[in-house]
Amino acid sequence: NAAEYAKGDLSLAMDKVAVNFGHEITKIVPGYVSTEVDARLSFDTEATIAKARKIIDLYKEVGVDKSRILIKIAATWEGIKAAEVLEK
């Protein structure tokens with residue numbers, strides 16, 4: 001479960017819950033599954049990139065290919081810069 005997985009890290013636990021839901025959705029719905037980067041990171045490019053990569057890694061751990069993942073990032077200047085890096 002997410003709480004055990006996170007070992008006390010609330011942010012990681014919430015990411016794991018979101019990924020667990022997303023994983024279940026991929027079993028039912030074709031196409032992308034979306035997960036949002038924490039909005040509190042909206043003005044921090046590097047933290048947004050790190051969080052997005054962590055979410056992708058969590059999906060990989062449960063067997064979901066990154067081609068099925070849509071990461072939602074804030075439409076701030078910093079978020080746009082993070083998206084440019086993540087697209088590559």
**Message:** Can you confirm whether V64 sits close enough to K60 that some side-chain heavy atom of one is under 4.5 Å from a side-chain heavy atom of the other?
**Reply:** no
**Prompt:** Side-chain contact, heavy-atom cut-off 4.5 Å: E78 with L41?
**Reply:** no
**Asked** Out of curiosity, does V85 fall in the hydrophobic cluster containing I55 (side-chain heavy atoms, cut-off under 4.5 Å, transitive links)?
**Response** yes
**Message:** According to a hydrophobic-cluster definition based on side-chain heavy atoms being under 4.5 Å apart (Ile, Leu, Val, Met, Phe, Trp, Tyr only), do I80 and V37 belong together?
**Reply:** no
**Request:** Enter the distance from T48:OG1 to D38:CG here, rounded to the nearest 0.5 Å.
**Result:** 9.0 Å
**Request:** Decide whether L10 and Y5 are clustered together by the hydrophobic rule: side chain heavy atoms of Ile, Leu, Val, Met, Phe, Trp, Tyr closer than 4.5 Å, transitively.
**Result:** no
**Asked** Going only through I, L, V, M, F, W and Y residues with side-chain contacts under 4.5 Å, is there a path from I69 to M14?
**Response** no
**Asked** Between CD1 of I49 and CD1 of I73, what distance do you get to the nearest 0.5 Å?
**Response** 8.0 Å
**Prompt:** Got T45 and W77 here, is their nearest side-chain heavy-atom distance under 4.5 Å?
**Reply:** no
**Asked** What pair of heavy atoms forms the shortest contact from A52 to I71, and how long is it?
**Response** CB-CG2, 3.8 Å
**Request:** Consider only side-chain heavy atoms of I, L, V, M, F, W and Y, link residues closer than 4.5 Å, and tell whether V17 and I25 are in one cluster.
**Result:** no
**Item:** Over all atoms of both residues, closest heavy-atom pair of I28 and P30
**Value:** O-CD, 3.9 Å
**Prompt:** Got L86 and R53 here, is their nearest side-chain heavy-atom distance under 4.5 Å?
**Reply:** yes
**Message:** What I'd like to find out is whether the side chain of L70 reaches to under 4.5 Å of the side chain of V33, using heavy atoms alone.
**Reply:** no
**Message:** How close do A47 and D44 get, counting heavy atoms only, and between which atoms?
**Reply:** N-OD1, 3.0 Å
**Request:** State whether a side-chain donor-acceptor pair under 3.5 Å links Y59 with T26.
**Result:** no
**Asked** Taking only residues at least two apart or on different chains, which pairs with a member in residues 3-18 satisfy salt bridge (charged side-chain N to carboxylate O under 4.0 Å, His left out)?
**Response** D15-K51
**Complete:** In this structure, NZ of K81 is separated from CD of E84 (nearest 0.5 Å) by 4.0 Å
**Prompt:** Which heavy atom of A74 sits nearest a heavy atom of S42, and at what distance?
**Reply:** CB-OG, 3.3 Å
**Request:** Locate the shortest heavy-atom distance separating V29 from R68; write the atom from each residue and the value.
**Result:** O-NH2, 2.8 Å
